[in-house]
Amino acid sequence: MDAGELKYLELLSKSFPTVAKASTEIINLNAILNLPKGTEVFASDIHGEYEAFSHLLRNGSGNVRTKIAEALGDVLSQEEQDSLATLIYYPEQKVKLILADVEDEEAWFADVLPKLVAVVRRASVKYTRSKVRKALPADFAYIIEELLAESQHEPAKDAYYEAIIRAVIRTGSGRALVIALCNLIHRLAIDHLHIVGDIYDRGPYPDQIMDALIAYHNVDVQWGNHDIVWMGAALGQRGCITHVVRNSARYGNLSILEDAYGINILPLARFALEAYADDPCVAFGLKGNPDLSPDEIDLNIKIQKAMAVIQFKVEGQLIDENPDFDLEHRKLLHLIDYEKGTIHIGDEEFELQDKVLLTIDPADPYRLTEGEESVMQQLEQSFRNSEKLQRHMRFFLENGSLYKVSNGNLLLHACVPLNKDGSLKEVNVFGETYKGKALYDVLDRYVRAGFYSDDPVERKRGADLMWWLWQGEGSPLFAKSKMATFELYLVADKAARTEVKNSFYNLIENEEVIDGIFRSFDMDPATSRIVCGHVPVKVKDGEDPVKCGGKVLCIDGGFSRAYQKTTGIAGFTLISNSKGLTLAAHEPLESMNAAVERELDIHSSRRVVQQNERRTLVGDTDTGAELKAQIADLERLLEAYRRGLIPEGK
């Protein structure tokens, strides 16, 4: 052993100071390698739909029902299983409803607690006792651990276990124990959660989703384009702020800014009501059917137009500041004929749908008015000073990235940019060109620099790059030729609005091209797959989310209500367990209240994508590779002890 290895082993000996302790750890780790792998769940494009997403976490994407059937299917009817499932999903709410109707509370607790213990026991079989013990709620850890051991006990101990349950009920702890057991089932049902981008925009409660993820036991996030623009806004990046505020108004969701994040929009509201007082804002109607009063709808419309105009101005300024972004073609305000109410784009002239553009100076169209500048300064300060928003963005940085390679899956939100011939597209990033994995890596590094760098130039580059990631042609998060926000609002001709997708989507069924992507990320094409979202899969039109013979899985199924008419479903989840890979297509959740009161679940159709010939073990996973490396180090430590190179401690 060389000096470097010996020094490392001396450090390792601090944790395992004797042959016995090192040997015990080797035995423990080898045993873990032979357990079935835990259940992984993948979801994407949640878009603020908290209730539906929360329900899927509570039912383990259907895994909880499976455990109920395995544990109690022989003794409970389907109706009884449905009732127990609802209790597990929403224990606080359901216990309250049940206890309001039952005559004998003690009898109900005595009946339901053993059933919940049976489900916990079934859900925990693939985990070590140590892992289950760490998941136990502190207040009931001893009691639950004893009850879980019941299946192995002697008949003579029946009275012991019955006494535990009676004592729990007698001391008034029945309700709390029921809730604790249900929450434990939630935790055991999913071992690892992957969110493949787009928590933000469209839906009303992205902040509640973020709070749920922060509290979740094991989760990672691959940033989506709608996430990255909120990250840029949190830094005060003006292009990102204008999108976030405009889009919130467009969907009638300004409460996200005001109530959830404490963003002060009163200065903006005053400006919009004054500047657009008599303006019908004909091109700026709201999307969807937000539950707002007529006055609130009018305010949202005016704010939307005010922010759209500011956005077009701010983006023109950013394009001039960042010529490397190659977005000159997206500067359009100077192409407007303000007298005729038309715009020249390319060789064509289009009539504007809204010709009332009083805050734009035709001689200097990208200059903000004094009122617009004041609004932007106040918004910048408000976004930067939102403690909750900053906390949520820190979670993104600590638990997220632009991509992740996990157990042979390349997780990314949208695409790996390609040329028309299928080769990796080279993208200019501040004067240097990158492609494939190298492109993802450099972009990830710049995003983090935007938050953490001590160099103000690097911080600004990182912040501006987040805006480019939102809408740049070479962005792996945007994956289109242009962001046609201007045309969508102001030009009726659909041809002018066309956003051409990157060649990745045209070549997604080409195995040779997809294999080239895997090689770029140092992955084995024979055993790898891409899991992505971003583009809603039109299931109602027969589109298949499984592409390229299973090498690509597109799992944007329309969690967002805004997309459900397009997809025909209400979201996908991908479930990977020791038996294989299953894709679940979900129908809409009516509401949380309906789920609790009428015991309605999200109906899901399941499709087996891959069935393993043998169960996948922990030893076959990335975690297994880490454990094997630890075992190898511990075996070298044992050798050092036995050769007398390192003395044993106590």
Side-chain angles (χ1 to χ4, degrees), residues 28 31-32 35 38-39 57-60 63-76 80-81 83-191 215-218 596:
N28 176 50
I32 293 173
L35 287 171
T39 298
L57 291 188
R58 292 169 182 270
N59 76 4
N63 200 26
V64 169
R65 279 190 172 274
T66 301
K67 300 306 177 187
I68 292 172
E70 291 172 351
L72 299 166
D74 293 339
V75 296
L76 296 183
E80 290 170 325
Q81 290 182 52
S83 183
L84 183 62
T86 304
L87 172 65
I88 292 171
Y89 303 160
Y90 299 100
E92 296 91 343
Q93 299 90 336
K94 195 63 178 177
V95 168
K96 184 177 180 180
L97 286 176
I98 291 172
L99 294 184
D101 284 340
V102 300
E103 294 181 1
D104 188 341
E105 288 190 10
E106 291 189 4
W108 182 79
F109 282 122
D111 176 66
V112 78
L113 283 169
K115 293 175 182 175
L116 292 174
V117 170
V119 178
V120 170
R121 189 181 299 120
R122 184 63 197 174
S124 65
V125 293
K126 64 172 64 175
Y127 303 121
T128 64
R129 287 188 179 182
S130 173
K131 187 166 185 173
V132 174
R133 191 177 297 119
K134 291 175 183 176
L136 297 177
D139 291 345
F140 294 104
Y142 169 76
I143 292 171
I144 294 175
E145 197 165 2
E146 287 294 293
L147 292 173
L148 288 177
E150 181 187 4
S151 62
Q152 305 298 326
H153 79 268
E154 295 294 326
K157 293 186 73 176
D158 283 348
Y160 170 71
Y161 293 101
E162 291 173 4
I164 291 176
I165 291 178
R166 285 199 307 272
V168 166
I169 297 169
R170 190 176 64 252
T171 58
S173 300
R175 181 192 299 250
L177 181 56
V178 166
I179 293 171
L181 287 167
C182 293
N183 289 334
L184 178 58
I185 293 168
H186 298 165
R187 178 160 182 167
L188 296 174
I190 299 175
D191 186 48
Y216 208 73
H217 58 277
N218 194 5
V596 173

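By convention here, the first residue in the shown sequence is residue 1.
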Please tabulate, for the side chains in residues 95-105, all donor-acceptor contacts under 3.5 angstrom to protein atoms that are two or more places apart in sequence or on a different chain.
unit_1, atom_1, unit_2, atom_2, d
D104, OD1, E106, N, 3.2
D104, OD1, A107, N, 3.0

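Here the straight-line distance linking atom CZ of R187 with atom NE2 of H217 works out to 6.0 Å at 0.5 Å rounding. Residue I88 holds its CD1 atom at 12.5 Å from NZ of K94, rounded to the nearest 0.5 Å. Taken to the nearest 0.5 Å, the CG atom of L84 stands 9.5 Å off from the OH atom of Y89. Taking CD1 from I179 and CD from Q93, the interatomic distance works out to 8.5 Å, rounded to the nearest 0.5 Å. Note that the CZ atom of F109 and the CZ atom of R170 stand 14.5 Å from one another [nearest 0.5 Å]. With values rounded to the nearest 0.5 angstrom, I185 atom CD1 is found 12.5 Å from N59 atom CG.
Looking at S130 and T128, their side chains never bring a donor and an acceptor atom within 3.5 Å of each other.
By the 4.5 Å heavy-atom criterion applied to side chains, L76 and S83 are not counted as neighbours. The closest side-chain heavy-atom distance from V75 to K115 is not below 4.5 Å. With a 4.5 Å cut-off on side-chain heavy atoms, V178 and L87 count as touching. Side-chain contact between L181 and F140 is absent, with no heavy-atom pair separated by less than 4.5 Å. The shortest side-chain heavy-atom distance between I190 and Y216 falls under the 4.5 Å cut-off.
What you find for A71 and R122 is that their closest heavy atoms are CB-CB, 3.9 Å. In plain terms, the two heavy atoms of L148 and V117 that are nearest each other are CD2-O, 4.0 Å. Here the shortest heavy-atom pairing between T39 and A189 reads CB-O, 3.8 Å.
In terms of modelled atom types and a separation under 3.5 Å, the side chain of H186 and the main chain of V64 share no donor-acceptor contact. A donor-acceptor distance shorter than 3.5 angstrom exists from the side chain of R121 to the backbone of L147, with no hydrogens or angles considered.
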